[in-house]
Amino acid sequence: MATYLFLSDEWLDEARTIRSEYDGRGGGIEHAVRVNLVVVDVPFGEGTVNAHADTSTGELILDVGHIDDPDLTVTIGYDTARAMLVEGNPQAGIQAFMQGKIKVVGDIAKLMALQAASPDPTAVEIAARIQAMTE
């Protein structure tokens, strides 16, 4: 299996392909949150990737670019983002937040509610496939 650098164009294309294979499957996400992400210290390109996560439809939508009227904006380092989003390591996020390495502007309670939710088996399967294709 080919592997790709986290957040590279190739990684994004493959993650979208994997995600599309699961359209309509899995449980919905109970907590609606719209988050703009600013990932800094990216080891390629211009060093920053702007992205977003939106669960307002009941499904997780992750993509590049920012959305209008987010509930919050999170600025996070590349390594921490990779640990949280690919490796599924919430402790990395907690530790980085406590050290001031994650900046949050907006309604942090919505983010906390989302993090407390348990993923369904389909989401776990998608995450495992994305983790396997990530360098």
If you look only at distance, which donor and acceptor atoms sit under 3.5 Å apart when one is on a side chain in residues 35-43 and the other is two or more places apart or in another chain?
{"unit_1": "N36", "atom_1": "OD1", "unit_2": "I67", "atom_2": "N", "d": "2.9"}
{"unit_1": "N36", "atom_1": "ND2", "unit_2": "I67", "atom_2": "O", "d": "3.1"}

Set of residues satisfying side chain to side chain contact (heavy atoms under 4.5 Å, CB included) with respect to L62, sequence neighbours excluded: A53, L60
With sequence neighbours excluded, residues passing salt bridge (charged side-chain N to carboxylate O under 4.0 Å, His left out) with E21: R129
Cationic N near anionic O, under 4.0 Å, D68 to R34: no
For T134, side-chain hydrogen bond (donor to acceptor under 3.5 Å, both in side chains) partners two or more places apart: W11
V64 reachable from V86 in the ILVMFWY side-chain graph, under 4.5 Å edges: yes
side-chain contact (heavy atoms from CB on, under 4.5 Å) between I126 and I18, worked out: CA-CA 7 Å; I126 292 168; I18 291 169; 4.3 Å; yes
Spacing of L12 atom CG and L7 atom CG [to the nearest 0.5 Å]: 6.0 Å
Atom pair CZ/CD of R19 and E14 - distance to nearest 0.5 Å: 14.5 Å
Cluster overlap I108 with I102, hydrophobic side-chain contacts below 4.5 Å: yes
From T73 atom OG1 to H52 atom NE2, the distance as rounded to the nearest 0.5 Å: 12.5 Å
All side-chain hydrogen bond (donor to acceptor under 3.5 Å, both in side chains) counterparts of S8, not counting sequence neighbours: E10
Counterpart residues, side chain to side chain contact (heavy atoms under 4.5 Å, CB included), relative to T57 (two or more places apart): E59, I61
Side-chain touch V124/P121, heavy atoms, less than 4.5 angstrom: no
By side chain to side chain contact (heavy atoms under 4.5 Å, CB included) - contacts of T3 (at least two apart): E135
Greater than 12 external heavy atoms within 6.0 Å of Y4's OH: yes
From CD1 (I130) to CD (E125), nearest 0.5 Å: 11.0 Å
Of all pairs that satisfy salt bridge (charged side-chain N to carboxylate O under 4.0 Å, His left out), the ones with a partner from residues 97-111, not counting sequence neighbours: D71-K110
Inter- and intrachain pairs under ring-ring contact (aromatic ring centres under 6.0 Å, His included), touching residues 58-90, at least two apart: F6-Y78
Output a table of donor-acceptor pairs, distance under 3.5 Å, between side-chain atoms of residues 44-51 and any protein atom two or more places apart or on a different chain; print 'none' if there are none.
none

Exam field: side chain T80 to backbone I76, donor-acceptor pair closer than 3.5 Å: no
S56: side-chain hydrogen bond (donor to acceptor under 3.5 Å, both in side chains) partners, not counting sequence neighbours: D54
Residue pair L72 / V74, side-chain heavy-atom distance below 4.5 Å: yes
Residue pairs fulfilling salt bridge (charged side-chain N to carboxylate O under 4.0 Å, His left out) with at least one residue in residues 74-95, sequence neighbours excluded: R82-E87
